[in-house]
J.: 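Below: one structure in structure tokens.
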2 protein chains.
Amino acid sequence: MDQEVFFQKFVTFATSVHEVTYELTKDIKPNDITPVQYSILEYIAVSQPVTLSQISDCKHISMPNTSRELKKLTEKNLCEKFDVAEDRRKQLIRLSEVGQAMMNEAFHRIGGRFLDRIKDASAEELEEIQRALDVLQSKVFYGDK
Amino acid sequence: MDQEVFFQKFVTFATSVHEVTYELTKDIKPNDITPVQYSILEYIAVSQPVTLSQISDCKHISMPNTSRELKKLTEKNLCEKFDVAEDRRKQLIRLSEVGQAMMNEAFHRIGGRFLDRIKDASAEELEEIQRALDVLQSKVFYGDK
DNA sequence: CCCATTAATTATCATTTGATAACTAAATGG
DNA sequence: CCATTTAGTTATCAAATGATAATTAATGGG
């Protein structure tokens, strides 16, 4: 198949993924935190404990801005900072109990929407979907560094 | 397989897709337009001609804000508005020649990065990738309305 | 023909986000 | 030890984005 067509297919696919993740996650975020703050919390939830630098790198937010947003999140008691014994410049960040509960709730609702989305798939189809996820993850959407 | 694990796999996958599209498109946008403006241009490029309402719906930007951004893009000569004979409230929007050239260039560069990303895949693997894209597109990342 | 709806515009305001400079403190490596 | 690098903070500013209200004009259904 033509490279042009292949690329076209990829673009359509990526657009669909973005749209579906938008649908799955819309109206999930509590009103008292901003979109960027919510995305930081999602990242912490999945990768905790993390350092400020990791958040900055992974979310593509500058250190000063990451520091600022994290300070707000800490003031809202959604996450906590812990000193690292080996390197006292660093801080490890975790969700607080409240923050964890909030994100559990959020993921639970998103998970429900996701299951609803695939509810019509048979067991064989689910197998097929999983293999497809593995293929694309390893051959197209891999991270290189 | 467990639903929890399945969902977990989905989350990881969606995250990878977002990260890879970020990598493919970073530093592509010209400096004289904002991120939102660029994303609007991408949408117009792929779907033209489109109405203002379509842009508003698909990009999840309110009508007033869509109108404002589109006005700026028109002033920069990147797109053009045409009246619709059948319904004089509507306007169809297309890229201007300059805008089209800009987006062609952008897509060309992104396409190059994409091809580089899959350059090590064999012909059979490319077939496999394509089938995987089709499977996921139809069974997971479909749009419903 | 009137009323409700749709499409788009303009103006305005608040908030969020991004960018930069200047700083402290700790580690690391010759 | 001293210089450099790393980790994070604070302050400040500008720009981008989001939200709302009020308006115009055209359409479409009873």
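Values reported hereafter were calculated over all heavy atoms of this structure, with side chains retained and with hydrogens, waters and symmetry mates removed. Protein chains get the first letters and strands the later ones, always in sequence-line order, with residue 1 at the start of each.
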J.: Rounded to the Å, how far apart are B/Asp87 CG and C/dT5 P?
T.: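 Taking atom P of C/dT5 as the reference, CG of B/Asp87 is at 17 Å.
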J.: Can you identify which nucleotide, out of C/dA19, C/dA7, D/dA19, has its nearest atom closest to the A/Ser62 side chain?
T.: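 The answer is C/dA19.
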J.: With DNA chain C as reference, determine whether A/Arg89 or A/Pro64 sits nearer its 5' end, using the nearest nucleotide of each.
T.: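 By nearest-heavy-atom nucleotide position, the 5'-most residue is A/Pro64.
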J.: Following the transitive rule for hydrophobic clusters with a side-chain heavy-atom cut-off under 4.5 Å over Ile, Leu, Val, Met, Phe, Trp and Tyr, establish whether A/Leu92 and A/Leu41 coincide in one cluster.
T.: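 No, A/Leu92 and A/Leu41 fall in different hydrophobic clusters.
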J.: Looking at every non-hydrogen atom in both residues, tell me the closest pair between A/Lys26 and A/Arg113 and how far apart they are.
T.: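 Nearest heavy atoms, A/Lys26 then A/Arg113: O-NH1, 2.9 Å.
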J.: Describe, in one word, how the ring planes of A/Tyr22 and B/His60 are oriented to each other, choosing from parallel (under 30°), tilted (30 to 60°) and perpendicular (over 60°).
T.: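 Parallel, since the angle between the ring planes stays under 30°.
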J.: In whole Å, what is the span from the NE2 atom of A/His60 to the P atom of C/dT17?
T.: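 It is 16 Å, rounded to the nearest whole Å.
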J.: How many whole angstroms separate atom NZ of A/Lys72 from atom P of D/dT10?
T.: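 One finds 13 Å between P of D/dT10 and NZ of A/Lys72, rounded.
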J.: Examine C/dT17: is either OP1 or OP2 under 4.0 Å from a nitrogen or oxygen in the side chain of A/Thr34? Give yes or no.
T.: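 Checking C/dT17 against A/Thr34, a side-chain N or O does come within under 4.0 Å of OP1 or OP2.
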J.: Looking at B/Lys81, does any N or O in its side chain come under 4.0 Å of the phosphate oxygens OP1/OP2 on C/dT9?
T.: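 For C/dT9, OP1/OP2 do have a side-chain N/O of B/Lys81 under 4.0 Å.
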J.: Does a side-chain N or O of B/Lys71 approach OP1 or OP2 of C/dT10 to a distance below 4.0 Å, or not?
T.: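 Yes, within the criterion.
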J.: How would you list all residue pairs meeting salt bridge (Lys or Arg N to Asp or Glu O under 4.0 Å) that involve residues 35-62 of chain B, not counting sequence neighbours?
T.: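 Listed by first then second residue: nothing to list.
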J.: Mind checking if A/Thr51 touches a base, just sugar-phosphate, or nothing, with heavy atoms under 4.0 Å?
T.: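 Sugar-phosphate, no base atom in range.
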J.: Separation of B/Ile33 atom CD1 from D/dT17 atom P, in whole Å?
T.: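 Taking CD1 of B/Ile33 and P of D/dT17, I get 10 Å after rounding.
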J.: Report the distance from atom CD1 of A/Ile61 to atom P of D/dA7, rounded to the nearest whole Å.
T.: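 The answer, rounded to whole Å, is 17 Å.
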J.: To the nearest Å, give me how far apart CG (B/Leu70) and P (C/dT9) are.
T.: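 Distance, rounded to whole Å: 7 Å.
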J.: Mind checking A/Gln54 for me? I need base, sugar-phosphate or nothing, with any heavy atom below 4.0 Å counting as a touch.
T.: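 Counting heavy atoms under 4.0 Å across all strands, no contact is made by A/Gln54.
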J.: Where the side chain of A/Gln91 is defined as all heavy atoms beyond and including C-beta, which of C/dT17, D/dT9, D/dT17 is the nearest nucleotide?
T.: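 Taking heavy atoms from C-beta onward, the closest nucleotide is D/dT9.
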J.: In whole Å, I'd like the distance from the CG atom of A/Leu52 to the P atom of C/dA25.
T.: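 A/Leu52 atom CG is separated from C/dA25 atom P by 18 Å.
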J.: Side chain of B/Arg68: nearest nucleotide among C/dT12, C/dT17, C/dA27?
T.: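 The closest nucleotide is C/dT12.
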J.: Please tell me which of the listed nucleotides, D/dG8, C/dT17, D/dT17, lies nearest to the side chain of A/Ser53?
T.: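 For the A/Ser53 side chain, the nearest candidate turns out to be D/dG8.
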J.: Kindly indicate whether the side chain of B/Asn65 and the base of D/dA19 share any N or O donor-acceptor pair separated by less than 3.5 Å?
T.: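 Per atom types, the contact qualifies.
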J.: Confirm from the modelled atom types if A/Arg88 and D/dG8 form a donor-acceptor pair under 3.5 Å, side chain to base only.
T.: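 For A/Arg88, whose side chain was compared with the base of D/dG8, there is no donor-acceptor pair (under 3.5 Å).
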J.: In plain terms, say whether A/Glu128 and B/Lys139 are close enough for a salt bridge, that is, a side-chain N and a carboxylate O under 4.0 Å apart.
T.: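 B/Lys139 and A/Glu128: salt-bridged.
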J.: Determine whether the side chains of B/Gln100 and B/Asn104 contain a donor N or O and an acceptor N or O closer than 3.5 Å.
T.: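 Judged by distance alone, the side chains do pair up.
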J.: Send over the distance from A/Met63 CE to C/dA25 C1', rounded to a whole Å.
T.: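 To the nearest whole Å, that distance equals 13 Å.
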J.: Looking at every strand, decide which applies to B/Gln37 at a 4.0 Å heavy-atom threshold: base, sugar-phosphate, or nothing.
T.: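 The residue B/Gln37 makes no contact with any strand.
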